[in-house]
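I have placed the structure first, in the form of structure tokens, so that the comments after it can refer back to it.
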Amino acid sequence: MTDPSPASEHPLRILIVEDESLAAMALEEILGMLGFAVVGIEDNADGAIAAAERLRPDVVMMDIRLLGPRDGIEAAATIRRQTGIRCIFTSAFGDAETRHRAAECNPFGFVRKPYFPAELQRALGHAAEALLQGASTQAPS
């Protein structure tokens, strides 16, 4: 089995999009302890889209319920369309309709709240693997 932790010299760069500030700070702390680099935190769809365009993270940790009229699924779809950046959805809500809408964004995964470090590690390990495979298939031969 391979270790899904990021390489210390090139940790995954992550944008956190979470409307609850305490949850965002807790997630930032957990991700830092796991060796990932948090490049920003946003609490609404418009801020998330602008930050993704500006910061170009590797992955967006996207809460589904956000401040403002647009939700995280809408934000993730726009980010994917405009930048190609994929997300990992985070939510306490996992009903079938929400998961179906979220799946249309081609996320790396879905992590239920409350967060458990092992689940975050697994989801981000999967994302890192997929990004590495995508980079190697796009590399010139």
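- For the atom pair CZ (Arg13) and CG (Asp58), the distance works out to 6.5 Å, reported to the nearest 0.5 Å.
- Hydrophobic clustering (ILVMFWY, side-chain heavy atoms < 4.5 Å, transitive): Tyr115 and Ile64 are in distinct clusters.
- We find the CZ-CD1 distance between Arg99 and Ile73 to be 10.5 Å, quoted to the nearest 0.5 Å.
- Of all the heavy atoms in Ala45 and Asp71, the pair that sits closest is CB-O, 4.2 Å.
- For the atom pair SG of Cys105 and CZ of Arg86, the computed distance is 11.0 Å after rounding to the nearest 0.5 Å.
- What you find for Ala123 and Val111 is that their closest heavy atoms are CB-CG2, 3.7 Å.
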Steps toward side-chain contact (heavy atoms from CB on, under 4.5 Å) verdict (Thr90, Lys113):
CA-CA 7 Å; Thr90 62; Lys113 291 179 185 177; 4.2 Å; yes
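- Note that the CD atom of Glu74 and the CG atom of Leu66 stand 9.5 Å from one another [nearest 0.5 Å].
- Hydrophobic clustering (ILVMFWY, side-chain heavy atoms < 4.5 Å, transitive): Val39 and Leu120 are in distinct clusters.
- Within 6.0 Å of the CD atom in Glu29, the count of heavy atoms belonging to other residues, nucleotides or ligands does not exceed 12.
- Considering every non-hydrogen atom in both Pro107 and Ala102, the closest pair reads CD-O, 3.4 Å.
- Contact of the Ile41 side chain with the Glu18 side chain is not registered, since no non-hydrogen atoms from C-beta on lie closer than 4.5 Å.
- Neither Val59 nor Ile79 shares a network with the other; the hydrophobic side chains, linked directly or stepwise wherever heavy atoms of I, L, V, M, F, W or Y lie under 4.5 Å apart, form separate groups for each.
- Glu42 places no side-chain N or O within 3.5 Å of a backbone atom of Asn44 that could act as its donor or acceptor partner.
- Heavy-atom contacts from other residues, nucleotides or ligands closer than 6.0 Å to CZ of Arg65 number 12 or fewer.
- The backbone N or O of Ile85 lies less than 3.5 Å from no partner atom in the side chain of Arg80, so there is not a single donor-acceptor pair.
- Annotation: the span from Asp63 atom CG to Ile16 atom CD1 amounts to 11.0 Å, rounded to 0.5 Å.
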Glu53 vs Gln82, test: side-chain contact (heavy atoms from CB on, under 4.5 Å). Steps then yes/no.
CA-CA 8 Å; Glu53 290 177 342; Gln82 293 179 357; 2.3 Å; yes
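- Phe89 and Phe110 have tilted rings, their planes meeting at an angle from 30° to 60° on a 0 to 90° scale.
- Both Leu27 and Ile88 sit in one connected hydrophobic cluster of ILVMFWY residues. Membership requires side-chain heavy atoms under 4.5 Å apart, directly or through other members.
- The cluster map of Ile, Leu, Val, Met, Phe, Trp and Tyr, joined by side-chain heavy atoms under 4.5 Å apart, puts Phe36 and Met62 in different clusters.
- A distance of 10.0 Å separates CG of Leu12 from CG of Leu31, quoted to the nearest 0.5 Å.
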